Amino acid sequence: MAGLPKDPILGIHEINSENDTTTKLQEDRKLEDREKEMAPATGNSIHRSSSRPQLDVSGAAIQGNTEERDPTILLPNQSDDISHLALDIGGSLIKLVYFSRHEDKSVEDKRKRSLKQRFGISNGTWRSYPVLGGRLHFVKFETTKINDCLDFIKSKQLHCGGMVARWPSDALSNENVVVKATGGGAYKFADLFKERLGVSLDKEDEMNCLVAGANFLLKAIRHEAFTHIEGQKEFVQIDQNDLFPYLLVNIGSGVSMIKVDGDGKFERVSGTNVGGGTYWGLGKLLTKCKSFDELLELSQRGDNRTIDLLVGDIYGGLDYSKIGLSASTIASSFGKTISENKELENYRPEDISLSLLRMISYNIGQIAYLNALRFGLKTIFFGGFFIRGHAYTMDTISFAVQFWSKGEARAMFLRHEGFLGALGAFMSYEKHGLDDVMVHQMVERFPMGAPYVGGKIHGPPLGDLNEKISWMEKFVQKGMKIIAPVPMTSPATTGLGGFDVPLSRGDTLRSDASSLNVGVLHLVPTLEVFPLLADPKTYEPNTIDLSDPGELEYWLTVLSEHLPDLVDKAVASEGGTDDAKRRGDAFARAFSAHLARLMEEPAAYGKLGLANLLELREECLREFQFTDAYRSIKQRENEASLAVLPDLLMELDSMTEEARLFTLIEGVLAANIFDWGSRACVELYHKGTIIEIYRMSRKKMQRPWRVDDYDIFKEKMLGSDGKKPSAHKRALLFVDNSGADVVLGMLPLARELLRCGTEVVLVANSLPALNDVTAMELPDIVAEAAKNCDILRRAAEAGGLLVDAMINIQDSSKEECPSVPLMVVENGCGSPCIDLRQVSSELAAAAKDADLIILEGMGRAIHTNFNAKFKCDVLKLAMVKNQRLAEKLLNGNIYDCVCRFEPSN
């Protein structure tokens, strides 16, 4: 580009090599020996959005030991008749849904209050609800083991509003506590609950609860429903405007078929006494199995052809093509046993179990379709713990519906299939307000313990780790050990913790345990849909489709190979203590187990994309109390980059407007190389100082870029034919990494927009992820940068970023600049990627007046949102730091750059 300096940006003003903040990164890493002194105590709380509504804290006081790090706070004015537990007590199983609040210890600071006033954010009606942001957990027990269930409830104090017992049990009073319950056991065991726990069971109608639970899941959980045909699971996006009417088939001990016309509008239209109880009862008599799961596991290894009479058996191995029956169609369940001179012991239990399973499943599927036909319904949802994610069961039901409807109706299944009644009972607490929850406010997190498959834990032997970690529950820390919230029982039981071992692989089909190991639903009332999406209904954040087995295997391998380095950084961030090492080892084993599980069952935790994989890693780190694995690295790189910033700004100011704009965009792309999530980039860090690497990066990515819309962007920004366009009103800059990326790349670009009179909102992660900068860290970075720049200082003051900061301005420039604000908002996530269907209320409010979006970095502009369409101008900037991705997506090479500008229509 003519007229540009030969080596612009830091080519003229060389940095003093003796400056401590810009010595070689190899020497910087020696500082890791001092991290133990710098690292905060483990178990720090994660600061989430303080805009989230709060509980009634009037009269709050610390209960118990005031010297504790996190003492329990008693809320005397909290409603005493609202439990955070609900039950569905059936004939075979007890299902629990319970709530735990998010640990949000952040406070309402001046900056956030300023943002709320500027964006017009109010807390809305959520303040009136005693149950707000938190988690919904799902646990089950066999009804015959009800005492285990009662012990579990008591150990977690779920009947006392979910409070963790940190004081003597006699200090707790259960007087007037009412727990919602449904199912026949709510009547049968009411006295036992009163005797053992001192609580009263408030009985809710079973059908009401089933329908309420199903409606809630179908509306609020994006990947709740799926089809299962010939072993293939496919998730179905439910259109809420086209949800009703549908047929809900709940298969418990018996079967109920309910026509659902809307919220609270339903009719039980049919049912059958041949259900899960039939299968379990007959199976117990015929096979001597001791549990329902054992009976299902037998079916995995069964061959029903030894027992069932098939069409081919009648017609000499031929199809009955005239009426559309194949030779393998069952003509008569158990029919072959009539003509054989055999006793029960002569038949394999495996074959009996499979024949019995198919007989009952086919009949349920047929009866369900006939009822759907009665009312002209095309959609049938199947739920209940009879299904249990079992592939044979779902395939058999699907085949029956497809066969009898000639493909006009379809069977769909629910991931939380067995918890419909319990969830409906939980929702019946009127003050929960869950009926108002929208899709974007429920976030399913992955079950973070190492999953069992085939009775084994994936990954290296865990030794005594099983005794310290509860696989279904959230992890807690006590002293120097990681312990389960309740004692662990044998992994093969469904006792405390309610964990089931997924069934082993069969020859052709296997158990899909995801319905049992469903994960935790996080309720975040402040999440909203990003209002600038062109069409939220068609928006898909993931650019990379992992449905291709080869693609999935590659990315799983990438994450696996990166794991040792990540563990080292995580342990170092906590000072390298023995406790941190134990947690690091536990994290590595658990995360490896999940990668192995996903390789076998890609849909185990719902629809899978690359963004989901990266989020899984961050969630797993947080579950093992690693809140910021790259803390010290970010601090060092921020300091080194801030030391360079004054010379950079001085050189930019010496350029013409056209040269400066190009240099700024080029600088953003070059600085994006500082990414600890890329193995290729990490290897570069050993080759020099931050400045040397930055200059080397600029040489790697000279124009033309792989995607190069810069000239279109320049025309938009600077105008053409001598006519300068009006400035954008507000720009949202989605920033990426700490250090050079944000300090030398995005801050100078933000400064240029401010100079043009554009309000700038820096959008950063709510929680740490790799070396990404967070919204909590940005104000301090901006304050340091503002010490050397009057433009940034004025804008930061206008945006409320320097409310408490005493800034010593070294730049005495008298340049006039508009008093437009520079603001920082959190995006509502803690992943290298971002799903714009779930963003913070702050960001959603800031977006309403924005007319320019800048998405920077691989996670936000390539892994996700590369193909996303918006209602306003959008600029996507990133350096591609993965060779496979460069080839597949751009037909290019590693270190190719993307400058993609899409103007609004």
Side-chain angles (χ1 to χ4, degrees), residues 111-112 114-122 528-534 536 657-658 660-661 664-665 668 709-710 712-720 723-735 746-764 775 778 782 786 789-802 815-827 834 836 839-856 860-861 865 868-877 899-905:
R111 179 180 67 85
K112 285 192 173 287
S114 174
L115 284 175
K116 283 192 172 188
Q117 292 172 0
R118 184 182 300 276
F119 298 149
I121 302 174
S122 64
E528 300 182 24
V529 176
F530 188 60
L532 294 179
L533 285 175
E657 188 177 37
E658 182 176 340
R660 186 166 62 241
L661 180 64
L664 284 165
I665 298 302
V668 170
D709 295 334
Y710 171 74
I712 304 174
F713 177 68
K714 181 185 74 172
E715 183 176 332
K716 180 77 174 184
M717 295 296 294
L718 303 181
S720 59
K723 183 179 180 180
K724 187 174 181 178
S726 58
H728 289 96
K729 179 179 180 181
R730 178 182 293 168
L732 304 179
L733 275 60
F734 287 75
V735 297
M746 291 298 277
L747 270 184
L749 179 58
R751 178 177 179 262
E752 185 68 14
L753 292 168
L754 292 166
R755 190 202 298 263
C756 297
T758 300
E759 293 182 358
V760 174
V761 180
L762 299 177
V763 183
L778 262 181
V782 172
C789 176
D790 193 50
I791 297 175
L792 289 177
R793 180 184 62 82
R794 291 173 184 268
E797 286 177 343
L801 295 180
L802 304 183
E815 176 183 0
E816 293 295 326
C817 63
S819 298
V820 291
L822 172 63
M823 297 165 281
V824 172
V825 301
E826 55 182 298
N827 58 22
I834 184 168
L836 293 174
V839 303
S840 71
S841 58
E842 288 179 1
L843 175 53
K848 291 176 181 177
D849 292 324
D851 48 6
L852 174 63
I853 296 171
I854 299 180
L855 293 165
E856 185 244 352
R860 294 154 185 81
N865 302 306
K869 302 299 180 184
F870 298 88
K871 298 177 181 178
C872 65
D873 292 349
V874 59
L875 178 65
K876 301 172 184 178
L877 300 170
C899 177
R900 187 173 189 174
F901 181 64
E902 298 163 356
S904 60
N905 296 327

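Here the structure is a predicted model, which is why all the values come from computation and not from measurement.
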Take I854 and M746 through the test side chain to side chain contact (heavy atoms under 4.5 Å, CB included) and record every step on the way to the result.
-> CA-CA 10 Å; I854 299 180; M746 291 298 277; 4.1 Å; yes
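- The side chain to side chain donor-acceptor pair (under 3.5 Å) check on D873 picks up K716, H728, S904, with sequence neighbours excluded.
- For the atom pair CG (L664) and CE (M717), the distance works out to 9.5 Å, reported to the nearest 0.5 Å.
- Partners of A798 under the side chain to side chain contact (heavy atoms under 4.5 Å, CB included) rule, at least two apart in sequence or in another chain, are P821.
- The two residues C756 and A727 have their closest heavy-atom pair at O-CB, 3.1 Å.
- In this structure E856 satisfies the salt bridge (charged side-chain N to carboxylate O under 4.0 Å, His left out) test with no other residue, sequence neighbours excluded.
- Residues L733 and A750 come closest through the heavy atom pair CD2-CB, 3.8 Å.
- When the side chain to side chain donor-acceptor pair (under 3.5 Å) test is applied to E715, no partner is found at least two apart in sequence or on another chain.
- Looking only at distances, a side-chain donor or acceptor of S840 sits under 3.5 Å from a matching main-chain atom of E826.
- Expressed to the nearest 0.5 Å, how far CG of L661 lies from CZ of F713 amounts to 5.5 Å.
- Checked for salt-bridge contact, R660 and E658 miss the test: no charged N lies under 4.0 Å from a carboxylate O.
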Assess whether side chain to side chain contact (heavy atoms under 4.5 Å, CB included) is satisfied between L875 and R900, documenting all intermediate values.
-> CA-CA 6 Å; L875 178 65; R900 187 173 189 174; over 6 Å; no
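- When the options I834, N827, I853 are evaluated for a side chain to side chain contact (heavy atoms under 4.5 Å, CB included) with F530, the one that passes is I853.
- The CG atom of L843 lies 4.5 Å from the CZ atom of F734; values are rounded to the nearest 0.5 Å.
- Although no hydrogens or angles enter the test, the distance criterion places a donor-acceptor pair under 3.5 Å between the side chain of K876 and the main chain of N865.
- The closest donor-acceptor contact from the side chain of D851 to the backbone of C872 lies at 3.5 Å or more, if one exists at all.
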Trace of the side chain to side chain contact (heavy atoms under 4.5 Å, CB included) decision for V824 with V761 | CA-CA 6 Å; V824 172; V761 180; over 6 Å; no
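- Atom-to-atom distance recorded for K714:NZ and E657:CD is 11.0 Å, nearest 0.5 angstrom.
- Considering every non-hydrogen atom in both R860 and L855, the closest pair reads O-CD1, 4.0 Å.
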Start with the C-alpha distance between E797 and R794, add both sets of side-chain angles, then the distance that settles salt bridge (charged side-chain N to carboxylate O under 4.0 Å, His left out), and finish with yes or no.
-> CA-CA 5 Å; E797 286 177 343; R794 291 173 184 268; over 6 Å; no
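- Within the 3.5 Å criterion, the main-chain N or O of L792 finds no donor-acceptor partner in the side chain of R751.
- Considering every non-hydrogen atom in both L749 and L877, the closest pair reads CD2-CD1, 4.5 Å.
- Shown here for E528 and A844, the closest heavy-atom pair between the two residues is OE1-CB, 3.5 Å.
- Across every non-hydrogen atom of V820 and T758, the tightest pair is CG2-O, 3.7 Å.
- For the ring-ring contact (aromatic ring centres under 6.0 Å, His included) test, no residue two or more places apart in sequence or in another chain qualifies with F870.
- Rounding to the nearest 0.5 angstrom, the gap separating the CG atom in L762 from the CG atom in L801 is 7.5 Å.
- Evaluation of the side chain to side chain contact (heavy atoms under 4.5 Å, CB included) rule for I712 yields D709, F901 as partners, not counting sequence neighbours.
- In this structure, L778 CG and M823 CE are separated by 13.5 Å, a value rounded to the nearest 0.5 Å.
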